[in-house]
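Protein chains get the first letters and strands the later ones, always in sequence-line order, with residue 1 at the start of each.
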Amino acid sequence: MNWLIDFFGDAANWSGPDGIPARILEHLEFSAAAFLIAAVIAVPLGLLIGHTGRGAFVVVVSANAARALPTLGLLVLVVLLIGVGTVLPVLIPLVVLAVPPILVNTYEGVRGVDADLRDAAYGMGLRGRQVLFQVLTPSALPLILLGLRLSAIQVVSTATVAAFVGLGGLGRFIIDGLATKTYSDVIGGAVLIALLALAVQLGFTLLNRVVVSPGVRQVR
Amino acid sequence: MNDEPLVRWDWIARNWDNGGPSAIKTLLESHVVMALLPVVFGLLIALPLGVACARWRWLYQPTAGLMNVVYSLPSLVLFSIFLSVTGLTQSTVIIPLTFFTLAVLIPAVVDGLGSVPEHVRQSAVAMGFRPLRRLLQVELPVAVPVVLGGLRVATVSSISLVSVGALIGQGGLGNLFIDGWQRQFYTPIVVGIVLIVLLAVLSDGLLVLAQRLLTPWSRARRRTA
């Protein structure tokens, strides 16, 4: 507890480029960029693979690889290979690790839609594209959102570790605190990241309430 | 960027078993211990808890909520928090990873028990099975595929997550990443990644094998179908 008071009570921690507000902003900035790039790649790809049924092995392979690949190793290797200094080398592993949860869940969501529903849509004269966007996507939305949520949490988490290879953000408090044995910083940073992760979790729960069609929600 | 080759085989040969604490073999052993103990502990805790949640449904909602919260916390955050309790020991990695395992396994046990068909349950009751024997001899065996599915996810994640522990000084093979980063030297990083992925693939394969041995009926059904 004393560590928390030391950390949050220190006025110096609240201002300047390495203060708490600046670090939160940085963390959100990197995370949002990586998350958006991943979503733009993975959602359409997942919809396409789920709808056509072609290339399903891509989904399985990426899911397994993402789970087995050690985050820290990937970060360190990519940043060493491409070079430190810019944000790009750190962004690449962040995106790579953020894609699979979205891809897998979007695919599973589209695949899992009741075959009767799909047939009925075709029977009513809808074209392939209309079936995908007007029937399959809304029905798969709960799973797509689950994928986006898991991915967002993964990004926040990886961005924390990325402080080790020089990325800013809240992970800096932990990494620098460990290096200088300033445990109030370590614990304070950990608490801030935990709060951020919980806020992301809560945000997606609320989003789920708003965007998922009540009919779909009832079934699940 | 430098002209260093990705892998220097002579480095691997020299450091595989150099007798010191940074020998690759020593790191591999501690990695296996720190990755697999949480899975074992997690399974031992998740089985009774999952059974309880399946029996008393009101328990499940709060448990699942709590596990969801735990699962959303970055591993480094949990490691840092436990660092102040358990210090620089393997427990600082093992305890948080046990929580992550629980977050995967408790829902798996509950879903597994939920996947037992009602007619199977009723047949067991009609044959005179008491609740405890029914659970051990009918319901849990039928739930094995779903539980093992969760176990595979938990095991592979645990193996790769241990390496983050290197940032607090207990990371098994993850220490190779720190070493490689500090010396701008690719070989240890590549060795670490390859060994961790191999370890994950090997454990996953063993669990698939275990499932085949534990559920011989699912293979028989596929053959007749």
Side-chain angles (χ1 to χ4, degrees), chain A residues 3 63-84 149-150 152-166 170-171 173-175 177-179 183-202 204-205, chain B residues 1-2 4 6 68-84 152-169 171-174 176-186 188-201 203-204:
Chain A
W3 281 329
N64 290 334
R67 219 173 275 134
L69 273 178
T71 319
L72 182 62
L74 195 64
L75 272 168
V76 169
L77 187 64
V78 172
V79 174
L80 267 192
L81 280 173
I82 304 183
V84 205
R149 190 185 83 198
L150 291 175
I153 286 170
Q154 168 89 51
V155 167
V156 169
S157 168
T158 314
T160 308
V161 177
F164 178 69
V165 292
L170 292 169
F173 290 120
I174 296 187
I175 303 289
L178 285 171
Y183 289 111
S184 58
D185 283 7
V186 176
I187 299 292
V191 168
L192 280 175
I193 299 162
L195 290 176
L196 186 65
L198 292 180
V200 169
Q201 180 96 341
L202 191 69
F204 274 96
T205 311
Chain B
M1 187 103 57
N2 52 30
E4 178 68 26
L6 260 184
N68 235 338
V69 168
V70 170
Y71 199 66
S72 70
L73 297 178
S75 46
L76 184 57
V77 165
L78 279 184
F79 292 163
S80 322
I81 290 172
F82 271 89
L83 190 59
S84 59
R152 285 172 63 190
V153 172
T155 308
V156 173
S157 314
S158 184
I159 289 171
S160 91
L161 277 179
V162 166
S163 57
V164 174
L167 294 175
I168 55 149
L173 293 166
L176 294 172
F177 303 148
I178 311 279
D179 183 33
W181 172 257
Q182 283 166 349
R183 296 196 280 149
Q184 307 270 306
F185 180 27
Y186 298 132
I189 306 173
V190 175
V191 169
I193 294 179
V194 169
L195 283 179
I196 287 173
V197 171
L198 279 182
L199 210 54
V201 171
S203 324
D204 199 49

Trainee: Apply side-chain contact (heavy atoms from CB on, under 4.5 Å) to B/I189 and list each qualifying residue two or more places apart in sequence or on a separate chain.
Mentor: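 Expected list: A/V76, A/L77, A/L80, B/F177, B/I193.
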Trainee: Given that the side chain runs from C-beta out, which part of A/L72 has a heavy atom under 4.5 Å from chain B: side chain, backbone, both or neither?
Mentor: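 The answer is both parts of A/L72.
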Trainee: Tell me, side chain or backbone of A/L75 under 4.5 Å from chain B's heavy atoms, or both, or neither?
Mentor: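 Answer is neither: A/L75 stays 4.5 Å or more from chain B.
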Trainee: Can you tell which part of B/V162 gets under 4.5 Å to a heavy atom of chain A, answering side chain, backbone, both or neither?
Mentor: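 Neither; nothing under 4.5 Å.
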Trainee: Holding to ring pair (Phe, Tyr, Trp, His ring centres under 6.0 Å), I want the full list of residues that pass it with A/F173, two or more places apart in sequence or in another chain.
Mentor: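 Checked A/F173 against ring pair (Phe, Tyr, Trp, His ring centres under 6.0 Å); matches are A/F7.
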Trainee: Need one label for A/F164: side chain, backbone, both or neither, based on atoms under 4.5 Å from any heavy atom in chain B.
Mentor: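 A/F164 touches chain B through backbone and side-chain heavy atoms alike.
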Trainee: At a heavy-atom separation under 4.5 Å, does A/L69 approach chain B through its side chain, its backbone, both, or neither?
Mentor: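 For A/L69, the contact with chain B is made by backbone and side chain together.
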Trainee: For B/N68, which atoms come within 4.5 Å of any heavy atom of chain A: side chain, backbone, both, or neither?
Mentor: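 It is both, since atoms from each part get that close.
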Trainee: Non-hydrogen atoms of chain A under 4.5 Å away: do they reach the side chain of B/L176, the backbone, both or neither?
Mentor: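 Answer is neither: B/L176 stays 4.5 Å or more from chain A.
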Trainee: Work out which heavy atom in A/A190 is nearest to a heavy atom in B/V77; give both atom names and the distance.
Mentor: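 Looking at all heavy atoms of both residues, the closest pair is O-CG1, 3.4 Å.
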Trainee: For the atom pair CG (B/L78) and OG (A/S157), what is the distance rounded to the nearest 0.5 Å?
Mentor: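 With rounding to 0.5 Å, CG (B/L78) is 9.5 Å from OG (A/S157).
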Trainee: Taking all non-hydrogen atoms of both residues, which atom of B/L73 and which atom of A/A194 are closest, and how far apart?
Mentor: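 So the two residues come closest at CD2-CB, 3.5 Å.
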Trainee: Give the member of B/A200, B/S84, B/G192 that has the highest number of heavy-atom pairs under 4.5 Å with chain A.
Mentor: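 Heavy-atom pair counts peak at B/S84.
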Trainee: So how far is it from B/S80 OG to A/I187 CD1, rounded to the nearest 0.5 Å?
Mentor: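 So the OG of B/S80 and the CD1 of A/I187 are separated by 6.5 Å.
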Trainee: Who wins among A/A68, A/G171, A/A152 for the most heavy-atom pairs under 4.5 Å with chain B?
Mentor: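 When all of A/A68, A/G171, A/A152 are compared, A/A68 has the most.
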Trainee: Which value, rounded to the nearest 0.5 Å, describes the distance between A/N64 atom CG and B/D204 atom CG?
Mentor: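 CG of B/D204 is found 6.5 Å from CG of A/N64.
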Trainee: From A/I175 CD1 over to B/L76 CG, what is the distance, rounded to the nearest 0.5 angstrom?
Mentor: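 Here the interatomic distance stands at 5.5 Å.
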Trainee: As a quick check of understanding, evaluate side chain to side chain contact (heavy atoms under 4.5 Å, CB included) for A/V200 and B/S72, giving each step before the final call.
Mentor: CA-CA 9 Å; A/V200 169; B/S72 70; over 6 Å; no
Trainee: Count the heavy atoms belonging to other residues, nucleotides or ligands that lie under 6.0 Å from OH of B/Y71, then report whether that count exceeds 12.
Mentor: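 No, the 6.0 Å shell around OH holds no more than 12 heavy atoms from other groups.
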Trainee: Whether the side chain of B/S160 engages the backbone of A/R67 through a donor-acceptor N/O pair (distance < 3.5 Å, no angle test) should be reported.
Mentor: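 Between the backbone of A/R67 and the side chain of B/S160 there is a qualifying donor-acceptor contact (under 3.5 Å).
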Trainee: What do the steps show when you test A/I174 against B/I168 for side chain to side chain contact (heavy atoms under 4.5 Å, CB included), and what is the final call?
Mentor: CA-CA 10 Å; A/I174 296 187; B/I168 55 149; 6.0 Å; no
